[in-house]
A.B. asks: 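One structure, as structure tokens, below. Some questions next.
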Amino acid sequence: MTHTLLWFRKGLRLHDNPALQMAIQKATRLMPVFVLDPHFIDPDRVGINRMAFLLESLVDLDRRLRTLGSRLLVLRGQPEEVLAHAFSTWQVGRLCFERDTEPYARNRDERLRSLAQKCGIEVVSPTGHTLFDPDAVLKAGGGRAPLTYSAFLRVISRLGTPAQPQPTPAHLPPPIAEICESPDYAIPTLTELGYTDLEAVNHRYPGGETAGLERLGDYLADRARVAHFAKPDTDPTAFDPPATTVLGAHLKFGCLSARTFYYEVQAIYRQARSHTEPPVSLLAQILWREFFYVLGYATPNYDRMAGNPICRQIAWDDNPAYLAAWSEGRTGYPWIDAAMHQLEREGWLHHLSRHAVACFLTRGDLWLSWEAGQAVFERLLVDQDWSLNASNWMWLSASAFFHAYHRVYSPISFAKKYDPAGRFVRHYLPALERYPDAFIYEPWKAPLSVQREAGCIVGRDYPEPIVDHTEARTRNIERMRMAFTADPSTLPT
DNA sequence: CTAAGTGTTGTAATC
DNA sequence: AGATTACAACACTTA
Ligand SMILES: Cc1cc2nc3c(=O)[nH]c(=O)nc-3n(C[C@H](O)[C@H](O)[C@H](O)COP(=O)(O)OP(=O)(O)OC[C@H]3O[C@@H](n4cnc5c(N)ncnc54)[C@H](O)[C@@H]3O)c2cc1C
């Protein structure tokens with residue numbers, strides 16, 4: 001007779017879930033638990049779209065558990081406290097949870113592990129979130145995380161292919177009788193968690209395993225698009241529908257298994273006459289995720305410049321007015337502002353839009369720290385993912401991985417090649433809706449008569465550009481050059 | 001050790 | 001119109 005507590009954190013799914021598989025091996029009673037940790041429940045730090053996505057994912061998980069004779073039990077409070085209580089009241093003998101390599105999680109899980117062991121509880125914590133065990137990747141790389149993508153691909157090729165996805169169980173052991181129908185463990189509402197503006201929930205694809213698998217199926221149905229997917233050629237201004245999968249949040253919360261994604265794409269490649277290759281292919285995208293997960297695992301202070309051995313040390317400015325203008329989408333550059341409004345409204349941006357706004361904030365125009373941008377993304381992105389967010393911010397700010405700092409995105413010309421008529425800008429910045437195409441990316445250049453005609457006067461109804469891009473770009477490339485020559489001692493050894 | 005090859009995704013001017 | 005080039009010359013990996 002074994003009472004097993006299965007602790008869901010990420011990995012909010014029943015398909016390909018190693019922790020679940022191990023949990024049911026010996027269990028006579030299975031208690032599937034999610035803990036509402038106050039650390040993650042904070043309307044000031046977690047945007048409403050991501051919280052809504054999480055709650056949808058929990059509702060779906062509960063529904064799926066119930067079809068297998070089980071249910072989700074939501075506990076509220078510090079994980080150590082509420083789980084310690086659960087261990088004793090439910091006579092738990094075994095604790096299973098998916099391994100999480102982020103620093104907060106490693107700390108938390110270490111404490112939980114020793115607590116459980118003190119209570120004589122067996123702890124099982126398999127890898128399930130990534131394609132490979134990050135320790136196995138490190139070992140294959142000689143104990144270091146590769147710093148280039150191609151070196152990373154070589155290293156993982158030594159590991160063979162990722163483990164095959166595990167099937168969804170056909171039935172589950174029930175929880176102990178007293179709590180099967182108890183209303184005490186219900187999934188909360190947004191209001192209960194302190195969110196007030198419920199109208200603002202506007203993410204495009206709902207959360208949950210069911211929705212994630214469905215979205216994957218829908219995207220993969222266009223086999224030619226999958227086979228010929230080339231990331232830099234996808235259109236950042238496409239929004240209805242977006243050009244890429246928008247599966248980031250499902251992958252981050254584990255509603256969708258990375259291995260399932262991997263093998264489903266492989267299946268299409270096998271039937272296609274030809275397909276694209278890394279680094280641009282669709283399969284390559286899930287490998288980028290893997291690459292950055294390993295780096296985040298192996299690198300100290302990964303989400304900061306200070307004390308981060310792979311991050312170039314740069315004397316960024318501190319300018320709260322610029323930062324506010326950027327994060328609130330009022331820089332005076334319509335393409336940048338429209339993207340920031342899309343981020344705020346929907347919690348998602350195309351990869352190249354992320355490039356554009358990140359470059360603008362850091363080395364391109366405003367010369368502000370990537371950490372400030374990371375914090376804004378962390379709050380607003382539905383697919384916010386600790387390793388990926390930090391990695392990509394370092395990339396765009398030329399702090400690590402990427403060094404061709406004279407390649408600066410233009411906030412005027414870049415989006416024009418995709419969307420000369422400015423559909424994207426008009427959609428996300430309705431104030432500019434009636435501008436003629438010729439001025440949609442540079443409204444300040446429109447003659448006053450045109451501005452009046454369009455019903456939007458620059459400086460009154462829409463801001464003047466906060467910096468002159470051409471000047472800022474020249475100056476910042478020079479500053480970059482100095483940062484690159486100034487301090488070679490900060491480079492990794 | 002040195003040296004050559006390589007690197008997801010820029011822009012603007014030019015032919 | 002699509003490819004080529006200047007811009008200015010970097011870091012990491014591997015031979
Ligand atoms: C400044 C900046 C911050 C970012 N922050 C995040 C973040 O917090 N969370 C996040 O998931 N992605 C982040 N990205 C990476 C990338 O932009 C998104 O993963 C992608 O745009 C999400 O859209 P999608 O799911 O349609 O991507 P697709 O192109 O459909 O890719 C499928 C999946 O592959 C993975 N992937 C794709 N591109 C990358 C990449 N560059 N790095 C790592 N994994 C990748 C993601 O899991 C993604 O969902 C960031 C990029 C930048 C430039």
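Naming: A, B, ... by sequence-line order, numbering from 1 per chain.
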A.B. asks: Could you walk me through whether H250(A) and F53(A) satisfy the ring pair (Phe, Tyr, Trp, His ring centres under 6.0 Å) test, starting with their C-alpha distance in whole Å, then the side-chain angles of each, then the deciding distance to 0.1 Å, before giving a yes or no?
C.D. replies: CA-CA 9 Å; H250(A) 295 93; F53(A) 186 98; 4.8 Å; yes
A.B. asks: Would you say the side chains of D109(A) and Y104(A) form a donor-acceptor pair under 3.5 Å?
C.D. replies: no
A.B. asks: Picking from dA8(C), dT13(C), dG7(B), which would you name as closest to the side chain of A151(A)?
C.D. replies: dT13(C)
A.B. asks: F484(A) side chain: which of dG10(B), dC10(C), dC12(C) is closest?
C.D. replies: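 Nearest to the side chain of F484(A) among the choices is dC10(C).
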A.B. asks: Taking only N and O in the side chain of S413(A), is any of them less than 4.0 Å away from OP1 or OP2 of dG10(B)?
C.D. replies: no
A.B. asks: Rounded to whole angstrom, note down the P distance from dA8(C) over to dT14(B).
C.D. replies: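 Comparing P positions in dA8(C) and dT14(B) gives a spacing of 16 Å.
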A.B. asks: Test R259(A) against every option in T130(A), D16(A), T161(A) by the side chain to side chain donor-acceptor pair (under 3.5 Å) rule and name the one that passes.
C.D. replies: D16(A)
A.B. asks: Report the distance from atom CZ of R479(A) to atom P of dA8(C), rounded to the nearest whole Å.
C.D. replies: 19 Å
A.B. asks: Can you tell me the base-pairing partner of dT14(B)? Count Watson-Crick or G-U wobble geometry only, both distances below 3.5 Å, and say none if there is no partner.
C.D. replies: dA3(C)
A.B. asks: Heavy atoms from C-beta onward define the side chain here; which of dG7(B), dT11(B), dT8(B) lies closest to that of S410(A)?
C.D. replies: dT11(B)
A.B. asks: Carefully, step by step, assess Y409(A) and F414(A) under the rule ring pair (Phe, Tyr, Trp, His ring centres under 6.0 Å).
C.D. replies: CA-CA 6 Å; Y409(A) 286 93; F414(A) 180 70; 4.9 Å; yes
A.B. asks: Considering the options E102(A), K252(A), R289(A), which one meets the side chain to side chain contact (heavy atoms under 4.5 Å, CB included) requirement together with H129(A)?
C.D. replies: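 Exactly one candidate clears the test, R289(A).
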A.B. asks: Is the phosphate of dT11(B), meaning OP1 or OP2, less than 4.0 Å from a side-chain N or O of K417(A)?
C.D. replies: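 K417(A) to dT11(B) OP1/OP2: side-chain N or O found under 4.0 Å.
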A.B. asks: Paired with dA9(C) by Watson-Crick or G-U wobble geometry, both distances under 3.5 Å: which nucleotide is it?
C.D. replies: none
A.B. asks: Could you check how far CZ of F402(A) sits from P of dG10(B), rounded to whole Å?
C.D. replies: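 Going from F402(A) (CZ) to dG10(B) (P), I get 7 Å.
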A.B. asks: Look at all strands and tell whether R363(A) reaches a base, only sugar-phosphate, or nothing, counting heavy atoms closer than 4.0 Å.
C.D. replies: nothing
A.B. asks: Under a 3.5 Å cutoff, is there a donor and acceptor pairing between the side chains of E346(A) and Y428(A)?
C.D. replies: yes
A.B. asks: According to the 5.5 Å centroid and 30° plane-angle thresholds, does W288(A) stack upon the nucleobase of dT8(B)?
C.D. replies: yes
A.B. asks: Between dG10(B) atom P and M480(A) atom CE, what is the distance in whole Å?
C.D. replies: 16 Å
A.B. asks: Starting at atom CD of E290(A), determine the distance to atom C1' of dT8(B), rounded to an integer number of angstrom.
C.D. replies: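 Whole-Å distance recorded here is 18 Å.
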A.B. asks: For V280(A), which contact category applies under a 4.0 Å heavy-atom criterion: base, sugar-phosphate, or nothing?
C.D. replies: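 The residue V280(A) makes base contact.
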A.B. asks: Figure out the NE2/C1' separation between H403(A) and dA8(C), and round it to whole Å.
C.D. replies: 16 Å
A.B. asks: At under 4.0 Å, does any side-chain N or O of R407(A) touch on OP1 or OP2 of dT11(B)?
C.D. replies: no
A.B. asks: Measure NZ/K231(A) against P/dG10(B) and give the value in whole Å, please.
C.D. replies: 14 Å
A.B. asks: Using 30° and 60° as the class limits, which term best fits the ring planes of W395(A) and F402(A): parallel, tilted or perpendicular?
C.D. replies: parallel
A.B. asks: Any side-chain N or O of R312(A) less than 4.0 Å from the OP1 or OP2 oxygen of dA11(C)?
C.D. replies: yes
A.B. asks: Give one of base, sugar-phosphate or nothing for F401(A), where a contact means two heavy atoms less than 4.0 Å apart.
C.D. replies: nothing
A.B. asks: If the cut-off is 4.0 Å, is R481(A) near the phosphate of dA9(C), judged by side-chain N/O to OP1 or OP2?
C.D. replies: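 Result: yes.
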A.B. asks: Take the protein atom OH of Y441(A) and the nucleotide atom C1' of dA12(B), then report the distance between them rounded to whole Å.
C.D. replies: 18 Å
A.B. asks: Check the distance between dA8(C)'s P and R473(A)'s CZ and give it to me in whole angstrom.
C.D. replies: 10 Å
A.B. asks: For dA9(C) versus dT6(B), give the span between their C1' atoms, rounded off to a whole number of Å.
C.D. replies: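 Their C1' atoms lie roughly 14 Å apart.
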A.B. asks: Who does dT2(B) pair with, Watson-Crick or G-U, both distances under 3.5 Å?
C.D. replies: dA15(C)
A.B. asks: Can you tell me which nucleotide in dT8(B), dT13(C), dT9(B) comes closest to the side chain of S150(A)?
C.D. replies: dT8(B)
A.B. asks: Ignoring the backbone of P279(A), work out which of dT13(C), dT11(B), dT8(B) is nearest its side chain.
C.D. replies: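 From the listed options, dT8(B) comes nearest.
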A.B. asks: Can you say whether a donor on the side chain of H351(A) sits under 3.5 Å from an acceptor on the base of dT9(B), or the other way round?
C.D. replies: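 Between dT9(B) and H351(A), which were checked side chain against base, a qualifying N/O pair under 3.5 Å is present.
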A.B. asks: Rounded to whole angstrom, note down the C1' distance from dC1(B) over to dT14(C).
C.D. replies: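 Their C1' atoms lie roughly 13 Å apart.
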